[in-house]
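Working notes, beginning with the structure itself.
Heavy atoms only: backbone and side chains are in, while hydrogens, waters and symmetry mates are out. Just so we're clear, the structure is a prediction, and the values are computed from it rather than from any experiment.
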Amino acid sequence: MGYSDGKIRELCRKYMDMGFRAFKLKVGRDISSDVKRCELVRKEIGYENTLMIDANQIWDVNEAIEWVKKLAHFKPLFIEEPTSPDDVLGHAAIARALRPLGIGVATGEMCCNRVLFKQFLQAGAMQYCQIDSARIGGVNEILSVYLMAKKFNVPVIPHAGGVGLCEMVQHLQMWEYTSLCKSQKMIEFVDQQHDQFVHPARVIDAKYTAPTDPGYSTELTAEAIENYEYPSGRENIISSGSDGDIHIWKGVEDDDPVTGCAGEFISCLGFYDDRIFVGTELNVVQILTHRDFDRDGTQFRFTAPATALKITDKYIAAGSEDTTIKVTIRENSEEIDLSGHSGPILALDLSPEGFLASSSGDGSLRIWKLDDQSVVKKIEGFPLVKTVSLAEGYATPSFFPKFGKYLAYPKDKEIVVLESTNWTQKHILKNDKISGKYSVCMFSPCGKFICAGSTTGEISVWDFNTLESLKGPTKGDNSDMITSIDWCSSSGDQIVFADKAGQIACITLKNSEGKRLAEVTEDRENFLEEEAFGESDAESDGSEDEDNENCISLRRLKKATMGKLPEIDEEVKSIDIPREPQIKLSPLQGSFQPGATPDHLEHRYMAWNGVGIVKANRTDAENSIEVEFHDVTVHHAIHMNNFLGHSLAALSERVLALSGCSPCKVVGIALGAGSREWSVSLPGCEEALALTASDKLVAVATDERLLRIFTTLGTQREVVSIPGAPVALASHSSRIIVIHHTTSTALDADQHLNAMLIDALGLQLRSRDIRLPLSPKSRLTWIGFTDSGSPASFDSAGMLRIFHRSSNLWYPVCDFAQHSNGASDTFYIVEVSEEKQLVRAVLCRGTSYPLTSPRPIVMEIPMQMPMCEIEAEKSAWEDALVRQAIFNVDNREKLMRETAIKLFALACRNEMEARASDLIEMIGCPQLVPLAAKYANKLGRIHLAEKLGQMLPQIEEIVSIHLKQYIF
């Protein structure tokens, strides 16, 4: 699979010329493709040679029978692994159905003992026995299978598609030929990895030659052990991501990594001395054993997630979103704290000479001397960022290996190299073909090369001796930012990297003759040959890897983003493929509950608003929900067991609403005298995504894109379709706001959200569609209503907005970035008071959510629109006047008159009578005109006072007209 028609013909002819007369094809993905490829192979090898097909367990029994019948006219010898490998009776049924067609069933490579083979043989479920010498427990067990197969007259064709299997099975087949049956034997052959063995299998004229050395031919070379020893081999690759899983890949061709779970998410990763170090959701750097992924202690504790980690034989260092860096000296376990950054730590590196380089979201890169914790060099001019997840580049520093003589770091479209003796600039490395800015860089272990990844998914490599960029194509295959890059070969010619979309891939540096640079280091005519994890080679288009979540094909990504690639003539060494400007696609924001903290936490807030707090406790000893009310004179606290596993909660003065995923119910507890509980089960497999409650309504948004409305006492009301994927709900009195997506993908990290504002008037609903504004590349983090019933929103950039129904406009009323000291500080909205022009919120220092214990303090932050020159007295009064004019503020008329008079007086004092007159005319308040005229007379502005007197009748007439229009 994955080969072009030309490639299939080429391979068939190649191996026919080498003497091979039996060929095996993968099938099972698409019947038309299978027919086409079988036809191609048969045309090349003829019907006098043997064809076999392998489905790799992809079908059920009936599907296998029907599929193979459609391929029967190509005369395959057998179908290998047509269904689940332990379904003995299923294989028997397939064998009976295919017997009239002359097609046998081959299986057994997944069987681990002789008992399973006995059942397959007795049931007539296999016509070809495929032992796997690495899966069965030893030679003695394997020989018993050979003897049973001989009794049932079933030929043995061992599985030999893995590393070292060819070396082992050659001995077994030769033993069978000399001891059991002297008929012609067939042994599978895959031409890969034989160079890793001291005594590799040798095939001449398509025939295995008898080994001349004693043993099982499984002795690995010293170099192979050094490179691939688990888990400390140089060729092992350890990866992790936001899903909390760790994968250990045994080299770049491993398609079945060892996997373990470290938590809900992993924010950074390191490995040293048979231990894995991970930053987890608990704001700690956890140590895990490499075999079982068991916890083996805690290295560091922070107040926010650890975001950068570096480990050497002398030091362990980690940085956090709380802006701090912690370093442990391995020799004496002494811990050093480094503080000075004012933004999240993005990346770290350690020098053998006792220096640490750190890049931060505060726009700086610092070099620390660990002996005295001093900063020896500070480099500024990098982008500012509040949280690592929003970073558009990490400025990852990299020290030269061995002695740390140089330090390299990316800045814009350059890699800057400093000399560590005086920290002055030594070199600048560039690649003119790069389109994005560099994000990460890394020296090779040998120090001969340096590689870098960009924000647009491009890879550059330089020869550090000549400072020349390696020739040939240097672009990666996707447009996502490279987040991590490293050298996965001790020889310094293989690079592994990951991007922001979670994809992992590897490239191998080769010279123009196709030799790895490890073999020909003096040849500078190099190019990058792409290579993916798994069995496909560089010429495959990667389609074989599409359904394997652990296998990422770079060529498949290129095909997806650039379309079909042209065939490249062998004489052409490189080709420039024009690429249209690409729009970066980002995942859609998932649904969330306003006022809630993440569901994976043991102790979390399910809701926190102006009425009270709903808290969930989910531990081994307790699974409960606690409800506290701010006004204990109205409601008493509630404590209940969470038997149904509720994960969503909404609280109002009249009802506590609860819901969850399984079983999916909406439960309401009416508050007050005669409290009663009601529940409604959602139909089918429908799941609740968002929940809201007011003093009149309860509403739930489901994964079927339905909005289900209930009264606070459980009466079902309308069911409304939501035009897009629901994100969040909020309600106030008889009003509901539904936030949903308007697109299937987020373009350039911008979420495109829409709001349905629904009014429930008796049994009638009225709806208005509103576009929801967000700051660039931000996400919605809270939605709700003010105490006056106006919709309000808050995004991850820290901007609070209020919707004014009359004007149909959103107004930014508070920029929380002006109220935080650290770049990683965030605010957690509790309540918005339009009447008092205040926002009640919790300041979360270095994290995104408040702690449940100790209970954080709620701050009151005054609203202030982002006016120009807001520090000036005039701008502050203008801000106050605009907010008083727009919003439902307490003592609105009185405050407006006072603020207007202050602005009027300021204009008069500054000799700006025209501005003063224009201000009074703009406000258009008849009660304000006499006050302004009186003040003008007091200042001796007679002409201004007369002008205001002439203005009064016009203002009164306009007000009268507006009043009549409002009444009628």
Side-chain angles (χ1 to χ4, degrees), residues 15 18-24 52 54 80 106 108-114 117 128-150 155-230 232-236 249-256 489-491 516 518-519 535 537:
Y15 287 101
M18 293 171 62
F20 286 89
R21 294 298 179 262
F23 298 82
K24 188 166 70 175
M52 299 157 283
D54 183 357
E80 181 177 335
E109 70 179 75
M110 301 299 291
C111 297
C112 56
N113 57 61
R114 63 184 185 275
F117 281 98
Y128 296 91
C129 178
Q130 293 182 305
I131 59 98
D132 187 299
S133 57
R135 192 176 301 276
I136 304 180
V139 174
N140 289 343
E141 189 85 354
I142 294 174
L143 296 183
S144 67
V145 176
Y146 269 93
L147 293 172
M148 287 190 293
K150 170 65 174 175
V156 179
I157 304 178
H159 173 240
V163 178
L165 292 181
C166 293
E167 280 69 24
M168 289 185 272
V169 300
Q170 62 178 342
H171 295 274
L172 299 172
Q173 288 294 82
M174 291 177 187
W175 169 84
E176 185 197 25
Y177 180 81
T178 58
S179 303
L180 290 182
C181 178
K182 288 185 170 55
S183 61
Q184 186 175 4
K185 301 298 173 189
M186 193 184 305
I187 310 177
E188 191 172 17
F189 176 70
V190 176
D191 192 10
Q192 64 168 357
Q193 306 298 336
H194 302 295
D195 57 338
Q196 308 295 336
F197 294 90
V198 176
H199 307 296
R202 292 183 299 125
V203 174
I204 300 175
D205 295 332
K207 297 178 179 62
Y208 279 86
T209 60
T212 58
D213 298 285
Y216 210 20
S217 300
T218 55
E219 182 182 357
L220 292 166
T221 65
E223 182 182 2
I225 295 173
E226 181 182 9
N227 287 336
Y228 296 102
E229 181 183 11
Y230 177 82
S232 57
R234 294 178 180 174
E235 301 293 342
N236 281 306
W249 313 76
K250 298 178 182 178
V252 299
E253 295 189 5
D254 184 9
D255 60 358
D256 187 20
S489 170
S490 58
S491 57
R516 290 176 56 166
E519 304 173 20
E535 297 181 355
D537 65 11

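Between Glu141 and Gly137 the shortest heavy-atom distance is CB-O, 3.8 Å. Between Cys129 and Val145 the shortest heavy-atom distance is SG-CG1, 3.8 Å. Taking all atoms of both residues into account, the shortest heavy-atom contact from Phe117 to Gln130 is CZ-O, 4.1 Å.
Rounding to the nearest 0.5 angstrom, the gap separating the CZ atom in Arg202 from the OG1 atom in Thr212 is 6.0 Å. Atom SG of Cys112 is separated from atom CD1 of Ile136 by 8.5 Å, given to the nearest 0.5 angstrom.
Annotation: side chain to side chain contact (heavy atoms under 4.5 Å, CB included) contacts of Val198 (sequence neighbours excluded): Glu219, Thr221. In this structure Tyr15 satisfies the ring pair (Phe, Tyr, Trp, His ring centres under 6.0 Å) test together with Phe20, sequence neighbours excluded. Residues that satisfy the side-chain hydrogen bond (donor to acceptor under 3.5 Å, both in side chains) test with Asp213, not counting sequence neighbours, are His199. In terms of the side chain to side chain contact (heavy atoms under 4.5 Å, CB included) criterion, residue partners of Leu147 (sequence neighbours excluded) are, by chain and number, Leu180.
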Please output the side-chain donor-acceptor pairs of residues 161-175 that fall under 3.5 Å, not counting sequence neighbours, one pair per line with the distance.
from, atom 1, to, atom 2, distance (Å)
Glu167, OE2, His194, ND1, 2.7
Glu167, OE2, Ala201, N, 3.0
Gln170, NE2, Glu167, O, 3.1
His171, NE2, Ser217, OG, 2.8
Gln173, OE1, Tyr146, OH, 2.6
Gln173, NE2, Val156, O, 3.1
Gln173, NE2, Met186, O, 3.2
Trp175, NE1, Ser179, OG, 3.4

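A salt bridge links Glu188 and Lys24; the closest N-O separation between the charged side-chain nitrogens and carboxylate oxygens is under 4.0 Å.
With hydrogens and angles ignored, the 3.5 Å screen pairs a side-chain donor or acceptor of Arg135 with a backbone N or O of Glu109. Judged by distance alone, the side chain of Asp132 and the main-chain N or O of Ala134 form a donor-acceptor pair under 3.5 Å. With hydrogens and angles disregarded, no donor-acceptor distance shorter than 3.5 Å links the side chain of Thr209 to the backbone of Val203.
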Next on the checklist: Assess the residue pair Met148 and Arg114 against the criterion (side chain to side chain contact (heavy atoms under 4.5 Å, CB included)); give the C-alpha distance rounded to whole Å, side-chain angles, the decisive distance to 0.1 Å, and a yes or no.
Outcome noted: CA-CA 9 Å; Met148 287 190 293; Arg114 63 184 185 275; 3.8 Å; yes

